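Down below is the structure, laid out as structure tokens.
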Amino acid sequence: MSGYEAIGSLFLVLFSSFFLCVSSKFSPIDTYLIDCGSSSNTLVGNRVFIADDSESNVLVTPQRVFLSANSSSLSSSTYGSNLYQTARLFNGVSHYTFPIEKPGPHWIRLHFFPFASDSYNLSSAKFSVSAQGFTLFKKLRIGNGSKIMEYSLNIGSNSLVLTFMPSANSFAFINALEVVSQPDKLLPEVAKAVGLHQNQRDLQKQALETVMRVNMGGQVVSPQNDTLWRSWVSDDPFFLHDNAKFYVSNMAVVDYSKGTSKEETAPRDVYGTATKLNSDGGDPSYANVTWHFDVDQGFEYLVRFHFCDLVNASAQSPSFNVYINSWFVSNYADITNHASDVFGAPYYMDIVVKVNDNSKLKVSLGRISPDDIYANGFLNGVEIMKISNSHQSLDVLDSFPTKNSKWKIVVIAGLAAGLFVAVVLGSVLFLFCRRRRRLGLVGHSKTEGGAVNGNGTFAGSEIVHRLPLLAIREATDNFSENLVIGVGGFGKVYKGVLRGNTKVAVKRGVSQSNQGLAEFRTEIEMLSQFRHRHLVSLIGYCDEQNEMIIIYEYMENGTLKDHLYGSDVPCLSWKQRLQICIGSARGLHYLHTGTAKAIIHRDVKSANILLDENFMAKVADFGLSKAGPGIDQTHVSTAVKGSFGYLDPEYLTMQQLTEKSDVYSFGVVMLEVLCGRPVIDPSLSREKVNLIDWAMKYQKRGQPGEIIDHRLGGQTKPESVAKFGELVEKCLAERGVLRPTMGDVLWNLEYVLQLQGADQTPNGNNGELYSSHVNELETTCILSTTEISSVSLGDLADVSMSKVFAQMVKEDMS
């Protein structure tokens, strides 16, 4: 039989199988269902998987190897168990080539069951699979039990090539496979993004892998009950707090004519069940319901939420917020576009998010208002799909290429060549820069932030402005003592005014500084890499005449420490203190998660949290900051540095630094905020000298009222203070693994503020204070030189940098 006749026979069988799909409203144009290794057709539900035909040119493989399993090895209740009785084995690179009648998005489903036969044990197979230039997986061993791996590809040609490649000294196999057209616009071409540099993510040229398809409401939905033959697992194993939810079911009210979803979007069995936030009785301890899902870090994910109100038949519409990790996504009213009748109407929402810092993706529902004690949040289903990365791969091995040995060889060779070039260029640059200095041409030259070179200039990816010493002396009245606003280990900090009436803070190091040049370099390197609303912005630096000067944005209201104790400035209200903690936590959370490698601040304290004119908090002083552990590390071994009283005891004793060291220090700051006193106060009685020892004694007794700042009398709500104290206690755990992440701290602080209530803040700052809700978590970014050229510098971190430097250059260079 010729190849064309074989393909014709294949189409004939597949065409006949369409008529068996009587329950499906969608009839795919392209449908290839193959029972690999089988010599006869197999019926699964009402679909026919055709026999594997070695004579057709659909498959090109070095040799024909069919395997059969012992039928007793599979449970008869397993979906498609009759597909897993046989397998096709590949001893060499093999290709399936499927003609595509209608280009566009298609499902690819690969069925695996690694059974043992007389000649092979399929569980030892190690192989890779690719399609249309995308790596689906690489050097994978299929685990025990049956497994279906599902992918979505937008096929733009008239054929699909699926390639199996065994690893060295191994083989590949497949039990069954499906290539099926998707309904038009089932998956989005563009989706809203959170936590990324862009607001939207284009998905048209990406491959997707289904990581999880979950039916909320505790019920499994089998492929037979889904018009697109998708499998939905129960959400029961994924709850963070099981008591925070309860299940509801009402299939009869689902009405596809009312919402945005169709039956192909998700079946009635998904929209007819839901998990609801357990707020019955007004128990405030259940402020949200959260699910945790295992994912591969380093990838972006498309998350589809499914909603259908099954219980709120009254005129009052549901009201709740939706979150992914610590990012606010939307509220239910926006999802339904504020429709007046949402009862029984199915809706869905697509969001793209990147997972950098761990292997968990967290989905949560929460209250919009702290007064909404009977919150009616619910969720019917969630789909999570991994998005191919810049290497056109969905495999974790391609997410971190430095682990690949070949890549390491290339890197080493490149470094060797680059080192030689760098030495030559460095020598030339050194001579050139020395000559420039002698000619007095340094002026306002723009350099790029990053590592400090031997000549004191900076090179990297971010713009750092080098200011002339003359301009700084003029701005600070020649470093007048009357303008000193702070003193630290590095030196003094002066208030300054640049030409154009721009206020700045000028930190001037001294030659006898204990921190010295290393911290000067570190701080400029760190601050030049990122911009964030809750991190103090770098304006520039100066290293003329052996000076070590760093210029920051000016913070009108000084340090948090000054407002808690030791000065005569007005006392902060409890609401202000919570908002300041939330802002600081946001800044630290960004340091830990917003860059390719975590940044550990290492000197978190109330003196390093600054307040602007609206009392918005910004974390400052990055001289001791250090890059966090790599992907294959648990900690960074380093000499202990930091401030006495704030040091993580685990770091202090073992010299092992992690992000949890910052969490501990932040817990100390929170304790200062609660108590309104320093960490160490020798003027007090012996039992009160150490704030942590004294305060934790009462906290563990459940008596936070004994330690709260007496100036807050009448402002606080007991439940807010109690929750705040519990969070402090967790942050101050002796072992880092028992402490929450900074993202979890942020989440809980938001809840503490909700418990306190939405009443106005004293001291006349109501209208000026920024909102503390999670939905205003701003998008942060690391801007490259190219990106900076396309946006206004005035858009960065609320600092009008373009105005600052335009005026400086105009006046100083004239």
Side-chain angles (χ1 to χ4, degrees), residues 442-453 455-460 462-480 483-498 502-532 534-556 558-559 587 591 599 601-603 605 607-610 612 618-626 641 793 796-797 799 801 804-805 808 812:
V442 174
H444 292 276
S445 61
K446 291 182 181 181
T447 60
E448 293 182 348
V452 182
N453 295 323
N455 63 355
T457 60
F458 292 75
E462 302 299 324
I463 292 179
V464 176
H465 293 263
R466 190 176 186 187
L467 278 68
L469 182 59
L470 181 63
I472 298 173
R473 288 188 179 277
E474 179 181 338
T476 59
D477 194 16
N478 199 22
F479 301 109
S480 169
L483 295 176
V484 174
I485 55 176
V487 180
F490 184 87
K492 294 181 179 179
V493 181
Y494 301 80
K495 178 180 179 180
V497 181
L498 298 172
T502 301
K503 295 179 182 179
V504 293
V506 178
K507 184 160 75 171
R508 185 190 191 191
V510 294
S511 57
Q512 297 82 14
S513 168
N514 292 327
Q515 294 177 321
L517 183 60
E519 282 70 25
F520 175 68
R521 292 176 174 176
T522 298
E523 184 143 27
I524 296 176
E525 288 175 31
M526 292 294 177
L527 282 174
S528 64
Q529 291 180 52
F530 40 69
R531 297 286 177 194
H532 189 279
H534 295 288
L535 300 179
V536 170
S537 294
L538 173 67
I539 301 296
Y541 76 100
C542 176
D543 59 351
E544 288 183 37
Q545 301 179 19
N546 295 320
E547 289 277 1
M548 294 184 295
I549 299 173
I550 304 176
I551 302 94
Y552 311 87
E553 62 174 317
Y554 180 70
M555 301 295 284
E556 192 76 38
T559 70
L591 288 178
I599 302 298
H601 187 282
R602 215 162 44 145
D603 198 17
K605 57 184 178 181
N608 286 340
I609 295 174
L610 306 184
D612 71 3
K618 300 195 179 191
V619 180
D621 202 340
F622 297 84
L624 299 182
S625 298
K626 194 171 183 65
K641 290 186 178 181
L793 287 170
L796 301 180
V799 179
M801 297 178 69
V804 173
F805 293 114
M808 285 172 52
D812 287 338

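It should be emphasised that the depicted structure is a prediction, and the values quoted were computed from it without experimental measurement. Every heavy atom of this structure was used, including side-chain atoms; hydrogens, water molecules and symmetry mates were not.
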Interatomic distance, [X] atom [atom1] to [Y] atom [atom2] [nearest 0.5 angstrom]:
X: I550; Y: I524; atom1: CD1; atom2: CD1; answer: 4.5 Å
X: L538; Y: Y552; atom1: CG; atom2: OH; answer: 7.5 Å
X: I485; Y: L483; atom1: CD1; atom2: CG; answer: 9.0 Å
X: D543; Y: M548; atom1: CG; atom2: CE; answer: 10.5 Å

Under the rule for side-chain hydrogen bond (donor to acceptor under 3.5 Å, both in side chains), what residues qualify as partners of [X], not counting sequence neighbours?
X: K492; value: E481
X: Y554; value: none
X: T559; value: D562
X: E547; value: R508

Measuring only between side-chain heavy atoms, which start at C-beta, is [X] closer than 4.5 Å to [Y]?
X: E553; Y: V536; value: yes
X: D612; Y: M555; value: yes
X: I549; Y: L469; value: yes

Looking at every heavy atom in both I472 and C542, which two are closest together, and how far apart are they?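 The answer is CD1-CB, 3.4 Å.
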Which atoms form the tightest heavy-atom contact between V506 and F479, and what is the distance?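 Reported closest heavy-atom pair: CG1-CE2, 4.3 Å.
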Test of understanding: with ring pair (Phe, Tyr, Trp, His ring centres under 6.0 Å), list the residues that count as partners of F622, not counting sequence neighbours.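 Expected list: F530, H601.
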Take K507 and D621 through the side-chain contact (heavy atoms from CB on, under 4.5 Å) test and state the conclusion after the steps. CA-CA 10 Å; K507 184 160 75 171; D621 202 340; 3.5 Å; yes
Checking A475 now: which residues fulfil side chain to side chain contact (heavy atoms under 4.5 Å, CB included) with it, not counting sequence neighbours?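 If we apply the side chain to side chain contact (heavy atoms under 4.5 Å, CB included) test to A475, skipping adjacent residues, the hits are L498.
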If only atom types and distance count, is the side chain of N608 paired as donor or acceptor with the main-chain N or O of D603 below 3.5 Å?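 It does hold such a pair.
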